[in-house]
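Position 1 is the first residue of the sequence; numbering continues from there.
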Amino acid sequence: MSTMYARCESKLDEFRVEIPSWGFANTGTRFGKFAQPGAATSLEEKFADAAEVHALTGVTPQLALHVLWDLPGGRADVAGVKQLTERYGIQAGSINPNLFQNQEYKFGSLCNPDAGIRRMALDHLLGCADIAKDLSSADVSLWLADGSNYPGTQSIRKRIVWLEEALGATHDRLSAGQRLLVEYKPFEPAFYHTDIADWGMAGHLAQSAGPQARVLVDTGHHYQAQNIEQIVAWLLHLRLLGGFHFNDRRYADDDLTIGSIDPYQVFRIFHEIFNEEDESLVAGIAYMIDQSHNIKGKVEAMVQTVVTAQELFFKAGLVDRERLAELQAAGRTVEAEECLRDAFWTDVRPALEEWRVRRGLPPNPLTALHESGYVERIERERAERNAVRTSTYA
Ligand code: PSV
Ligand code: MN
């Protein structure tokens, strides 16, 4: 095995992917939901599905939790979650506040013009920091739907100040080693202005909140044609990159399988990460998946996602960086580009299969899932409950 491959394999050993609890539940579009017979109908089933993905891939020991969907009782639900983490051997991953579903949040949560509603939102966020602490979860991952639909209807300036105050207060609540991740998104559900619309705003808020705050890059949260890897390079340079929500997109925040539309982009993001020389910065990157599938089978899609992420990660690791630096310095444009493309076009699947076999994992996790009968079993066990759910949405 070449030194390059050996180096990639050891990087791959450290590459962990956190999967979202909401990726196993029935979801849809604003037009409706297509219930799947095997979709998880409880938090326990989400943990069971996550454990199956981890058994097959060996790299997904953490499940991101969405408070309200997964811990509707807040802190009172922590004991139950702890039991599930022990039963299924899956740890709680990032804790995701929900500041978008309550009726009160029509005009915003942390940025609502009503001080009482801002307080309610902040209390929820502080509660999430406490839940994260109780579950020994490293990250509170904040995405804010706040914004407005029409010019002149909200004060953009006042809302900046309210955000600075709220995130500062949340930062104060973190314990040592915990982080606040600030996620940005340009539009949806708000269509005129969104309070945390891009990485500059998220970066400023993270910096003003305190040293334990970082920016979270959701690959679906950019305008068409935006150069995401350049944003990643800047965030690394500024020591502000906290993590990713990985998915793919064609039009908006489509939540499609990573690499299904533009695998070269994911490769280029990983390339920028491999360019980072400070190991401590790289170690701090939380790779999370943020996808909810309504056409693909959920467990199947999650396994496919993890495998795809590994493939693109491995390919990026194969870039001959020393040669690339020489070519860049000499202005040899075509050769530099080809140096990058050589790695991208390398078929790494056989190497990955060997890597898995050496670690006692199935060489092809997707085939192993199909052969395991797991999906058929959960479809049998959960079909009735999901049928009830379908009629609920009829
Ligand atoms: C919003 O689009 C988002 O990306 C946020 O991360 C949410 O927490 C997640 O999707 C699930 O709705
Ligand atoms: Mn996201």
Side-chain angles (χ1 to χ4, degrees), residues 14-22 43 47 50 60-71 73-82 84-86 90-99 109-110 119 121-144 163-184 196 199 201-218 235-236 238-246 278-290:
E14 292 153 23
F15 184 58
R16 293 282 172 279
V17 184
E18 182 176 320
I19 46 181
S21 69
W22 53 98
L43 185 57
F47 267 93
T60 63
Q62 291 191 321
L63 184 67
L65 299 173
H66 225 292
V67 177
L68 217 64
W69 300 341
D70 298 325
L71 294 98
R75 222 170 170 183
D77 289 345
V78 163
V81 175
K82 275 189 181 162
L84 294 175
T85 61
E86 277 154 30
I90 292 290
Q91 302 144 23
S94 59
I95 300 301
N96 294 254
N98 190 312
L99 294 170
S109 59
L110 297 174
R119 183 69 237 180
L122 179 59
D123 284 343
H124 176 73
L125 195 49
L126 297 175
C128 289
D130 293 339
I131 289 172
K133 222 171 285 179
D134 293 346
L135 290 170
S136 309
S137 182
D139 295 329
V140 175
S141 186
L142 170 71
W143 171 66
L144 207 63
L163 267 181
E164 288 171 342
E165 287 167 1
L167 269 55
T170 309
H171 188 278
D172 288 349
R173 192 71 156 246
L174 300 173
S175 47
Q178 268 194 317
R179 306 189 306 174
L180 173 65
L181 303 183
V182 185
E183 182 175 357
Y184 58 91
I196 311 179
W199 71 278
M201 300 175 203
H204 164 74
L205 288 168
Q207 274 172 328
S208 85
Q212 289 164 242
R214 298 278 184 283
V215 176
L216 184 135
V217 179
D218 182 314
L235 288 173
L236 281 165
L238 296 170
R239 308 180 82 82
L240 277 176
L241 181 64
F244 288 94
H245 273 180
F246 270 128
D278 185 336
E279 284 300 323
S280 69
L281 281 188
V282 176
I285 301 172
Y287 297 102
M288 305 178 237
I289 300 294
D290 186 1

Give, for atom [atom1] of [X] and atom [atom2] of [Y], the distance between the pair rounded to the nearest 0.5 Å.
X      : Y      : atom1 : atom2 : value
Ser137 : Ile95  : OG    : CD1   : 4.0 Å
Phe244 : Leu235 : CZ    : CG    : 8.0 Å
His204 : Glu164 : NE2   : CD    : 3.5 Å
Leu84  : Leu65  : CG    : CG    : 9.5 Å
Leu122 : Leu99  : CG    : CG    : 9.5 Å
Ile90  : Ile19  : CD1   : CD1   : 6.5 Å

Flag the pair [X] / [Y] as yes when at least one side-chain heavy-atom distance between them is below 4.5 Å, and no otherwise.
X      : Y      : value
Pro97  : Val67  : no
Trp143 : Asp290 : no
Arg16  : Gln62  : no
Val140 : Leu174 : yes
Ile285 : Leu236 : yes
Val182 : Val215 : no
Leu240 : Trp199 : no
Leu167 : Leu110 : yes

Exercise for the section: For Arg214 and Leu241, run side-chain contact (heavy atoms from CB on, under 4.5 Å): C-alpha distance rounded to whole Å, both residues' side-chain angles, the deciding distance at 0.1 Å, then the answer. Expected result: CA-CA 6 Å; Arg214 298 278 184 283; Leu241 181 64; over 6 Å; no
Exercise for the section: In sequence, state the C-alpha distance, the side-chain angles, and the governing distance for Arg239 and Asp278, and then conclude on salt bridge (charged side-chain N to carboxylate O under 4.0 Å, His left out). Expected result: CA-CA 10 Å; Arg239 308 180 82 82; Asp278 185 336; 2.8 Å; yes
Give the minimum heavy-atom separation between [X] and [Y], together with the two atoms involved.
X      : Y      : answer
Ser94  : Met288 : OG-SD, 3.4 Å
Ile131 : Gly74  : CD1-C, 3.8 Å
Asp139 : Ala286 : OD2-CB, 3.8 Å
Leu126 : Ala169 : CD2-O, 3.7 Å
Thr60  : Ala50  : OG1-O, 4.2 Å
Gly177 : Gln212 : N-NE2, 4.0 Å

Exercise for the section: Report yes or no: does Lys133 contribute a side-chain atom to a donor-acceptor pair with the main-chain N or O of Arg173 at less than 3.5 Å? Expected result: yes
Practice task
Check step by step if side-chain contact (heavy atoms from CB on, under 4.5 Å) holds for Leu144 and Leu163.
Solution key: CA-CA 10 Å; Leu144 207 63; Leu163 267 181; 3.4 Å; yes
Practice task
Anything under 30° is parallel, anything over 60° is perpendicular, the rest tilted; go ahead and classify His66 against Trp22.
Solution key: perpendicular
Handout entry: Steps toward side-chain contact (heavy atoms from CB on, under 4.5 Å) verdict (His245, Asn96)
Key = CA-CA 12 Å; His245 273 180; Asn96 294 254; 4.2 Å; yes
Exercise for the section: Go through the steps to decide whether Asn98 and His124 satisfy the test side-chain contact (heavy atoms from CB on, under 4.5 Å), and finish with yes or no. Expected result: CA-CA 8 Å; Asn98 190 312; His124 176 73; 4.3 Å; yes
Practice task
Decide whether Thr170 and Asp172 meet the rule of one side-chain donor and one side-chain acceptor closer than 3.5 Å.
Solution key: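 No, no side-chain donor-acceptor contact under 3.5 Å.
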Exercise for the section: Verify the distance criterion only: is there a donor paired with an acceptor across the side chains of Ser141 and Glu183 at less than 3.5 Å? Expected result: no
